[in-house]
Protein chains: 2
Amino acid sequence: MLTNRQLQVLQVIIDEFIHSAQPIGSRAIAKKNEITFSPATIRNEMADLEEMGFIEKTHTSSGRVPSEKGYRFYVDHLISPFQLSQGEMNTIQRTFEKEMVEFEQIVQKSAGILSDLTNYTSIVLGPGVFDTTLKQIQIVSMSNISAVAILITNTGHIEHRFFNVPAGIKTSDLEKLVNILNDRLVGVPIIELREKLYGEVTILLKQHSDDFATTYSYLKEALLEEQPVKLYVGGKTNIMMQPEFKDINKIQSLYTIMEQEDLIANLLRSSDKGIQVSIGHENKLDEMQGCSLITATYSLGGEQMGTIALLGPTRMEYSRVISVLNVLSRRLSKTFHSWY
Amino acid sequence: MLTNRQLQVLQVIIDEFIHSAQPIGSRAIAKKNEITFSPATIRNEMADLEEMGFIEKTHTSSGRVPSEKGYRFYVDHLISPFQLSQGEMNTIQRTFEKEMVEFEQIVQKSAGILSDLTNYTSIVLGPGVFDTTLKQIQIVSMSNISAVAILITNTGHIEHRFFNVPAGIKTSDLEKLVNILNDRLVGVPIIELREKLYGEVTILLKQHSDDFATTYSYLKEALLEEQPVKLYVGGKTNIMMQPEFKDINKIQSLYTIMEQEDLIANLLRSSDKGIQVSIGHENKLDEMQGCSLITATYSLGGEQMGTIALLGPTRMEYSRVISVLNVLSRRLSKTFHSWY
DNA sequence: TTTAGCACTCATTGATAAAGAGTGCTAACA
DNA sequence: TGTTAGCACTCTTTATCAATGAGTGCTAAA
């Protein structure tokens with residue numbers, strides 16, 4: 001549909017605009033080495049490209065700027081694979097070589113790398129409960145009336161929940177309770193926990209004293225509490241360096257939306273496998289107009305575990321960002337794979 | 001040193017400026033009810049106040065603006081106690097009434113209240129290790145080569161540290177180890193942990209096998225890891241609403257400094273008991289020029305536990321902020337007191 | 001001692017002009 | 001017939017200038 005020459009022109013416009021953030025005129029395009037035709041010819045092509053909706057003018061006599069449709073086309077057809085420099089690869093390598101035994105830590109580090117390497121804002125969604133199973137439950141009594149349950153999953157994730165204990169419950173009772181729970185629950189996938197706790201285990205505990213049942217009901221509640229999602233954001237201030245965000249109101253609305261972790265977490269969680277690019281209006285959130293969000297998933301044994309993402313202006317270094325995400329998501333998958 | 005009339009004028013200037021963020025002229029001052037003298041008189045007084053350094057002009061024929069010295073004087077001598085509205089008191093009350101069993105939770109909520117109530121940015125330093133003692137250590141084996149130690153303090157704070165386990169160590173060995181540790185360490189103040197671990201316990205464990213000693217050395221390292229400080233920041237975007245921060249660079253440098261949690265934590269930790277006000281240059285950090293930081297401490301049984309703070313422009317609603325901090329720090333102290 | 005009056009200063013605003021970048025169209029060219 | 005040079009035109013940006021208005025400092029009168 002597009003002629004070869006139009007493709008060339010479009011590519012130059014977007015490449016240039018991504019780096020300069022300035023509208024590109026026909027003269028500037030003609031100066032490029034790979035362009036062998038005159039500004040007048042380019043103007044004709046640009047008129048066509050504009051008619052097709054790939055580029056826009058900021059005013060009647062301005063140079064051209066890519067439209068969102070233009071970016072979409074660029075991402076789908078024009079970007080060339082980007083090679084990270086040896087130095088950058090080394091940085092990543094070194095970070096992952098450091099012995100890390102903790103899930104959270106590695107995920108957090110990744111957020112840092114992403115934003116440092118791209119100068120955009122990174123968002124990393126920690127591994128979900130997808131195929132994690134319960135490894136152990138422990139209960140520690142804190143006082144006469146309260147105790148804390150500690151949940152440990154096979155992925156090394158640890159959580160604790162406080163709960164109330166009825167008066168008169170002895171430590172030995174708690175121990176008995178925790179033994180029963182461990183008996184029944186170790187190895188159970190987290191997502192099936194609710195079902196087990198309400199079914200099987202409840203029935204089993206019916207045989208015991210009332211106090212026991214009350215304790216269990218408190219504990220059950222604590223165990224089933226929705227845990228706030230873990231979201232790691234890196235390079236939050238990077239966004240302020242982009243000229244399209246020199247306006248404080250834009251920044252403020254973006255920051256405000258980013259503080260709603262649930263929202264962002266859901267956004268990332270629902271992202272499809274592999275690299276996904278959402279440009280401007282393709283994002284559902286109004287606050288993200290003018291932004292692009294690029295996501296990549298990481299996985300363990302084919303099972304999708306979490307998502308890493310970069311947020312920047314629609315005028316984004318797509319090819320660079322995509323390869324950084326690619327490298328890092330593979331790296332993450334590999335690391336997790338080597339653990340389990 | 002200052003005449004009554006000068007005090008009055010100074011007070012009006014600062015009060016007004018705090019609310020309008022605009023230089024105040026003599027005419028505007030004369031219009032105030034409590035002012036009974038003419039603009040010309042006020043101009044004379046203002047000239048004097050300026051000479052003494054309490055107020056400044058933005059240019060030769062502008063109205064006056066408080067200087068930092070002016071704010072300092074205002075805070076020390078002029079502010080009148082401020083009463084929170086009944087509604088605001090209720091908000092606080094309601095938040096604290098909700099049953100909260102967790103340290104972190106209550107501290108985090110406090111940060112939220114502070115920023116909501118003042119429209120500034122709140123920073124809350126969670127309770128330090130000051131007089132917390134170890135309640136229990138648990139160890140859970142994660143794989144052949146790694147395990148996790150879980151530390152529980154008497155204040156309900158829970159932490160976990162991963163560590164490597166030499167090949168050949170059995171679960172029963174770990175149990176033995178943890179029993180020894182609990183025997184020796186329960187009730188020990190966290191700040192003495194290092195000493196104990198290196199002294200007494202190391203000696204005690206010398207008797208056991210080499211494997212045991214190796215395991216212990218890994219574990220010891222993990223236990224003594226510096227834990228990153230817990231800092232809760234609320235209403236980060238509030239700062240963007242202040243007209244003095246319409247400049248994106250200023251915002252960026254402030255955000256960047258606030259991301260250095262260690263720095264901020266140290267700043268707060270070193271703050272003196274009670275309410276402390278640092279105005280503009282009184283702050284040590286360059287990035288905080290033009291800002292005021294007001295801190296309040298909360299305590300348990302006379303022992304200082306942590307700090308809550310509000311950060312805003314030097315043009316801050318001091319009287320309101322101070323009373324909010326007062327109310328909240330007392331409330332926090334009270335809550336913690338009722339727990340232990 | 002206080003205040004009215006007045007000249008003066010400076011920021012802000014709007015209007016106007018000049019410069020410059022870029023376009024679209026037309027006509028000439030290969 | 002596709003390509004290009006030329007040119008009139010549009011629109012932004014920047015500078016300059018004048019008018020307005022808020023506010024001051026000083027002087028002299030009350």
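As a basis for the values below, the full set of heavy atoms in this structure was taken, side chains included, without hydrogen atoms, waters or symmetry mates. Every chain is numbered from 1, with letters handed out A, B, ... down the list of sequences.
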query: What's the CD1-C1' distance between B/I42 and C/dT1, to the nearest Å?
result: 15 Å

message: Given A/V9, which partner from the list A/I29, A/N44, A/I55 fulfils the side-chain contact (heavy atoms from CB on, under 4.5 Å) test?
response: A/I29

Donor on one side chain, acceptor on other, B/S253 and B/T256, under 3.5 Å: no

query: Short question: side chain of B/R64, backbone of B/E56 - any donor-acceptor pair under 3.5 Å?
result: no

field: Base-contact (B) and sugar-phosphate-only (S) positions in nucleotides 22-30 of chain D, heavy-atom cut-off under 4.0 Å, - elsewhere
entry: BBBB-----

query: What's the NE2-C1' distance between A/H59 and C/dG20, to the nearest Å?
result: 11 Å

A/Y255-B/Y255 aromatic ring centre distance below 6.0 Å: yes

- prompt: C/dT3 P sits how many Å from B/F37 CZ, rounded?
  reply: 9 Å

- prompt: Atom CG of B/D48 and atom C1' of C/dT1: how far apart are they, to the nearest Å?
  reply: 13 Å

message: Within the 4.5 Å heavy-atom criterion, are B/M288 and B/L267 side-chain neighbours or not?
response: yes

Trace of the salt bridge (charged side-chain N to carboxylate O under 4.0 Å, His left out) decision for A/K236 with B/E259: CA-CA 9 Å; A/K236 254 192 191 169; B/E259 275 178 12; over 6 Å; no

field: Partner residues of B/Y120 under the ring pair (Phe, Tyr, Trp, His ring centres under 6.0 Å) criterion, sequence neighbours left out
entry: none

message: If you count every heavy atom of other residues, nucleotides or ligands that lies below 6.0 Å from B/E51 atom CD, does the total exceed 12?
response: no

Interface with DNA chain C, restricted to residues 5-21 of chain A and to heavy atoms under 4.0 Å: none

